[in-house]
*Asks:* 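Following this message is one structure expressed as structure tokens.
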Amino acid sequence: MASEKSRVLVLGGTGYLGKRLVKASLREGHPTYVLQRPENCMDINKIQLLLRLKKHGAKFIEGSLSDHESLVRAVKQVDVVISALSSSDISTTATQLQLKIAAAIKEAGNVKRFIPAEFCIDPARHVHDLEPAKTLNVRMMDVRQAIVEANIPYTSIAANCFAGYFVPNLCQLGSLLPPKDNKVSIFGDGNAKAIYVDENDIATYTVKTIDDPRTINKTLHLMPPENIRSQNELISIWEKLTGKKYERSTISGEDYLAIMNGADAIIQFGITHNYPIFYEGGYLKSFELKEGDEEATKLYPDVKYTIVEEYLKRYA
């Protein structure tokens, strides 16, 4: 007889990644819950999305991230908690919310796995990045350390680069759509490799870990081999799909960082987050899996992930 599926609570279940996590959890047969927060009761878009998730089979648990007791009550009703709250908030808010969730999980005492809101390039490897990205990575590691100290079983997801933010625009700044004028900026020599992952696949791989003892207290790296591509390769794929030829101009690392001058905090974060992806050989130059790391496509070879060519075809 198959073991009973874990009950899953998704925090931030109406967000960009959160709604995908809810659907992936339901597809895997998990009783899946979304935290219904009173602060969103006047947000018509979130309400409509909640109703659509309900049609898929999701259930709601009332609770507030600012009300510790309600959060503890919510956590006590499930086996697994996934936080899909934004981890790219450069204020201290994101860190404080993750610590509140960890405190509720610790008090509840029943959760067998917590998946915190990381879903990016592994912060453990980027605590020496440029500011302000460095500060955010350090804060995520502070949360991870708090989880460990609280003896909460966890899995961290190193999702690398969300395809939607890098692939359609060929890594260009200022737009998430393909360039219109047949001109593209190349960062460095354009040959640094990065890992681009479809957001639905991020959700699928995340949910696969829920009842998998191989991923407990580890970091799962999402590294689909066909999606480890350089910027030049992305542009060439797009050129082949569209039959267009793009004029390529190079931006040096110094000029790339200069974009931060006078820019708002979000732009500054984006520039310093992306710098190690495109410059100095890229963040994969000396990458090796370490003790405590697992790789998603090797653990779950049955998942048919979306390759970048298929992702780009949506926009051709």
Side-chain angles (χ1 to χ4, degrees), residues 16-17 20 88 119-122 126 129-130 132-133 158-203 221-287 297 304-316:
Y16 180 65
L17 182 60
R20 292 171 167 83
S88 61
F119 300 105
C120 55
I121 54 179
D122 184 8
H126 291 272
D129 283 0
L130 298 171
N160 290 294
C161 300
F162 279 35
Y165 285 89
F166 288 90
V167 174
N169 60 0
L170 310 179
C171 305
Q172 303 302 289
L173 301 173
S175 175
L176 297 177
L177 294 172
K180 293 181 178 180
D181 57 4
N182 291 9
K183 294 181 180 180
V184 289
S185 298
I186 301 295
F187 304 124
D189 62 8
N191 293 324
K193 301 278 188 177
I195 308 169
Y196 305 102
V197 189
D198 181 290
E199 291 82 350
N200 290 318
D201 294 336
I202 293 172
H221 293 263
L222 277 51
M223 304 177 69
E226 292 187 69
N227 288 1
I228 302 176
R229 303 282 191 155
S230 69
Q231 187 187 10
N232 279 326
E233 288 175 316
L234 288 181
I235 296 167
S236 295
I237 293 167
W238 182 246
E239 288 176 331
K240 186 176 180 180
L241 284 172
T242 60
K244 298 177 182 178
K245 202 70 179 172
Y246 281 73
E247 180 184 332
R248 308 184 190 198
S249 59
T250 300
I251 296 180
S252 69
E254 183 178 357
D255 288 341
Y256 184 75
L257 292 176
I259 298 171
M260 291 196 296
N261 296 336
D264 62 31
I266 297 297
I267 296 296
Q268 291 184 13
F269 166 73
I271 293 294
T272 54
H273 173 273
N274 294 348
Y275 183 82
I277 295 174
F278 298 120
Y279 291 96
E280 298 178 1
Y283 73 112
L284 294 180
K285 184 171 131 180
S286 58
F287 182 92
T297 63
K304 189 179 185 302
Y305 63 83
T306 301
I307 61 175
V308 292
E309 286 87 347
E310 293 300 322
Y311 204 101
L312 278 169
K313 281 180 182 178
R314 302 171 189 173
Y315 296 82

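The residues of the chain are indexed from 1 along the displayed sequence.
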*Asks:* Can you measure from OG1 (Thr306) to CG (Leu312) and round to the nearest 0.5 angstrom?
*Replies:* 11.5 Å
*Asks:* State the OH-OG1 distance between Tyr256 and Thr272, to the nearest 0.5 angstrom.
*Replies:*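 These two atoms lie 8.5 Å from each other.
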*Asks:* Has Gln268 got a side-chain atom pairing as donor or acceptor with Ala263's backbone, closer than 3.5 angstrom?
*Replies:*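 Looks like yes, one N/O pair under 3.5 Å.
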*Asks:* Which atom pair, heavy atoms only, marks the closest approach of Cys161 to Ile277?
*Replies:* SG-CD1, 3.7 Å
*Asks:* For the residue pair Ala203 and Leu17, what are the closest heavy atoms and their distance?
*Replies:*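 So the minimum-distance heavy-atom pair works out to N-CD1, 4.5 Å.
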*Asks:* Answer whether the closest heavy-atom distance between the side chains of Leu176 and Pro168 falls below 4.5 Å.
*Replies:* no
*Asks:* Between the side chain of Asn160 and the main-chain N/O of Leu222, is any donor-acceptor distance below 3.5 Å?
*Replies:* yes
*Asks:* Could you check whether the rings of Tyr196 and Phe166 sit parallel, tilted or perpendicular, using 30° and 60° as the cut-offs?
*Replies:*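 Ring orientation of Tyr196 relative to Phe166: tilted.
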*Asks:* Side chain to side chain contact (heavy atoms under 4.5 Å, CB included) with Trp238: which of Leu234, Thr242, Ile235?
*Replies:* Thr242
*Asks:* Lys193 and Ser230: which non-hydrogen atoms are nearest, and at how many Å?
*Replies:* CD-N, 3.9 Å
*Asks:* Pair Phe119, Tyr16 - check ring-ring contact (aromatic ring centres under 6.0 Å, His included), show working.
*Replies:* CA-CA 12 Å; Phe119 300 105; Tyr16 180 65; over 10 Å; no
*Asks:* Has Gln172 got a side-chain atom pairing as donor or acceptor with Ser185's backbone, closer than 3.5 angstrom?
*Replies:* yes
*Asks:* Looking at NZ of Lys313 and CD1 of Ile237, how far apart are the two atoms once the value is rounded to the nearest 0.5 Å?
*Replies:*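 Reported value, rounded in 0.5 Å steps: 11.0 Å.
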*Asks:* What's the shortest heavy-atom distance between Asn232 and Asp189, and which atoms?
*Replies:*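 So the two residues come closest at ND2-O, 3.0 Å.
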*Asks:* Counting distance only, does the side-chain N/O of Gln231 pair as donor-acceptor with the main-chain N or O of Phe278 below 3.5 Å?
*Replies:* no
*Asks:* SG/Cys120 to CD1/Ile202 distance, rounded to the nearest 0.5 angstrom?
*Replies:* 10.0 Å
*Asks:* Check whether Glu309 reaches the backbone of Ile307 with its side chain - one donor and one acceptor, N or O, closer than 3.5 Å.
*Replies:*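 No; judged by distance alone, with no hydrogens or angles, the pair does not exist.
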*Asks:* Donor-acceptor pair, Glu199 side chain versus Gly164 backbone, under 3.5 Å?
*Replies:* yes
*Asks:* Can you find a pair of side-chain heavy atoms, one from Thr297 and one from Met223, that are under 4.5 Å apart?
*Replies:* no
*Asks:* Heavy atoms only: give me the nearest Leu130-Leu257 pair and the separation to one decimal.
*Replies:*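 Looks like CD1-CD2, 3.7 Å.
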*Asks:* Would you call the rings of Tyr311 and Tyr315 parallel, tilted or perpendicular, where under 30° means parallel and over 60° means perpendicular?
*Replies:* parallel
*Asks:* Please examine the side chains of Leu173 and Ile271, heavy atoms only from C-beta on, and report whether any two atoms are closer than 4.5 Å.
*Replies:*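 Heavy-atom side-chain distance check passes, below 4.5 Å.
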*Asks:* Any carboxylate oxygen within less than 4.0 angstrom of a Lys/Arg side-chain nitrogen, looking at Glu280 and Lys285?
*Replies:* no
*Asks:* Taking all heavy atoms of Ile186 and all of Arg248, pick out the closest pair and write down the distance.
*Replies:*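 Looking at all heavy atoms of both residues, the closest pair is CG1-CB, 3.7 Å.
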*Asks:* Under the 3.5 angstrom rule, does the side chain of Asp201 hit a backbone N or O of Tyr305 as a donor-acceptor pair?
*Replies:*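 Side chain of Asp201 to backbone of Tyr305: no pair is present.
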*Asks:* Report the distance from atom CG of Asn227 to atom CG of Asp198, rounding to the nearest 0.5 Å.
*Replies:* 8.5 Å
